[in-house]
Amino acid sequence: MLLEKLSNAFGPSGCEREVRSILQDALRDHVETMETDALGNLIGRVPGTEFPDTRIMLAAHMDEVGFMVGHVEDSGLLRFVKVGAIDDRVLPGKRVLVGKDRIPGVIAVKPVHLTTPEERNRLLKAEDLVIDIGATNKSEAENAAPKGAYAVFATTFEAEDGLLRGKALDDRIGCAVLAELVRRGPYPCTIIPVFTTMEEIGGRGARVAAARTEPHAAFVFEGTVCDEAPRKRDVSPTTRLGAGPALTVADRSVVADRRLLRLVLDTAERHGIPVQLKQPGIGGTDAGPIHLAGIGVPSLPVSVPCRYIHGPVSIATESDFGAVAELMQRVLEAFRPDVLDPAPGA
Amino acid sequence: MDTVQLLRQLCEAVGLSGHETEVRTIVRGAFEPFCEEVREDALGNLIGLQRGDAGRAPGRIMLAAHMDEIGLIVTEIDQGFLRFGTVGGFDARTLPGREVVVHGRRPLRGVVASRPPHVLPPDAANRPLSLDDMYIDVGLPREVVQEIVRPGDLVSVRGPFTELKNEYACGKAMDDRVGVAVVALCLEMLARMRHSWDVFAVATVQEELGLRGAFTSTWHVMPDAGIAIDVGFGRQPGVAEKDAIDLDKGPGLAWGPNIHPVLFQRLKKTAADNEIPVQIEIAPRGTGTDANAIQITRAGVPAALLSVPLRNMHTPVETVCMRDIRRTARLLAVFIAGLDEAFLDALRSGDWSEQPA
């Protein structure tokens, strides 16, 4: 299963090679061209059957949040920094995989028996923690995991009972959706599938990919926040598991193009696909840099709801995943250049 | 080239972000002997071109070092004393007692005032002063100050270039005038070597305000690769191991998402082959240097970063080791001399290695 391979793959921001390789193998026969640019973005092209001059960029990011070894101590323990945003509170006691040889390690925690009440109230930050790979001295550790080596959470993907459980569903699930869409092509318009790098550290890959490909419109596929846990205040969750593709109206990085949103909503209704609107104002995606590239690119994020992103284990559903793929297939089949004729904001 | 003398001139020149005229003249003087062309762009970046020896260069390499420095700016004249804001990042705790120059109608020497301990309330000394509590005193009567100084006048830091023992030196604006000195020295070395790639030496402006000059100059030059030369955190008390590089052990060579792995590996190999010490610096996100802007301009440019180790960054006593400047210049010169057609191919279909070693 492609999503399983993608979720298990090692790919923190700046180190997306393994993910890129999986996608290259999966899509080589389904695209006319495929290139890797200066930032490691994988950029493909599937010419349109009716409107080859209209380019629709489809983006999903290959990178996940992770860690980098900052300093190898004499004891063989590894000091580390975070790559991308991770809540420090998910770190203690987690398993990781370190370096190009994917060496297992643990984020060490002092036994509770030896802690004081005051200590247990104090936050443990990444700089207070160490990764232990079992090395007993500095040179042994450095051979396995030198300064600058990357690390990720060590979570093995599982699919059961319609649930998908694994690390990095943000945004390997988006990559899987995009790969599926490429396989189901071609479409009337040219599609430019872009698997971007470095989204988690500020949308760096997307920025240059959009500048290079100059699309007329863009859809961005994400694994997005799903936070339905019970809470004290009566506030709507960002998205709900099982409620279908989550469409962004506006988040912190972009106001989605209303014409694209209208097209997607109409298509969903026509095909009986339930959708949800993502709670506005939360998070950011590659659509942020993409829509501001060049003279501007009308953009819309379309997401699979995922619980617990940016942590070791996320949960999503097969039905949401399938629904996003089906919906977007129909959208791309229906997309004509005149979608962009009305003025923006209409 | 007398590197110490050049560095002294560069550091003592005034060139706050957005107002780099005085230092640009000195940089031009340093670049011109080794460049076929030197021009300025719309923001004031200075771009020198040393062409490759071949008829048609297989590639274009850009070197970027920023010539702007941080400083202060007068916001208000308050009974003859000057309230001020910052141009670039300051730790407010380093300001009280600083000597400055206020660039009004004529330059005025002044001091960032601080109250003597004798008159402070008991626990006032336990709380750092905020910028709003501070002012600059030029010692003149208020009517005279009002004639000479206006809001918007720039204030530069006084930090005379001083040679310390062991070829160490301190001064203000070593960040990043040492980088500019490295580039000038590299150009001089390259003028005596054969190289096929065109070399664009850029002294960028407004780096301290957000890498502004680097964005426009990269757009202008459209290099095939770009290397920024900035400063790194020299080991000193309070700097964590993961952040520190040693003085006198060669430049920091950055590794992380902002750095193209093929450029990194070639720089590392060049250093090893030529017995130039380098120290790996981790950068887990966009670096706070021109290398960041270079990488994400237009359709993207392979970027790398070399850092001259420096203690006491953003203070008037920034400290470096002169040997590191020469090492960095030599590494760049030998690296550039080794660039050929094959390297361009390697960059484009590169080996995306996953870790530095």
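Keep in mind it's a predicted model, so treat the numbers as computed, not measured. Chain letters run A, B, ... following the sequence lines, proteins first, then strands; residues in each count from 1.
A distance of 7.0 Å separates CD of Gln355(B) from CG of Asp101(A), quoted to the nearest 0.5 Å. Rounding to the nearest 0.5 Å places CD of Glu354(B) at 7.0 Å from CD of Glu18(A).
Contact check for Met198(A) versus Gln295(B): side-chain heavy atoms found under the 4.5 Å cut-off.
Salt-bridge formation is not detected for the pair Lys147(A)/Glu241(B): no Lys NZ or Arg NE/NH1/NH2 atom is positioned less than 4.0 Å from an Asp or Glu carboxylate oxygen. Classification of Asp243(B) and Arg79(A) as a salt-bridged pair fails, no side-chain N sitting under 4.0 Å from a carboxylate O.
Across every non-hydrogen atom of Val69(A) and Ile282(B), the tightest pair is O-CG2, 3.7 Å.
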Kindly determine whether Arg204(A) and Asn292(B) satisfy side-chain contact (heavy atoms from CB on, under 4.5 Å), including the steps that lead there.
-> CA-CA 10 Å; Arg204(A) 301 178 72 80; Asn292(B) 188 336; 2.7 Å; yes
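For Val72(A), no part sits under 4.5 Å from any heavy atom of chain B, backbone or side chain. Interface remark: Arg298(B) contributes backbone atoms only to the contact with chain A (heavy atom separation under 4.5 Å). Residue contact with chain A, scored on non-hydrogen atoms closer than 4.5 Å, involves the side chain of Asp351(B) exclusively.
With Trp255(B) contributing its side chain and Gly148(A) its backbone, the two residues share a donor-acceptor pair below 3.5 Å.
In this view, Phe195(A) satisfies the ring pair (Phe, Tyr, Trp, His ring centres under 6.0 Å) rule with no residue, not counting sequence neighbours.
Heavy-atom neighbours of chain B within the stretch residues 288-296 of chain A, taken at a separation under 4.5 angstrom, are nonexistent.
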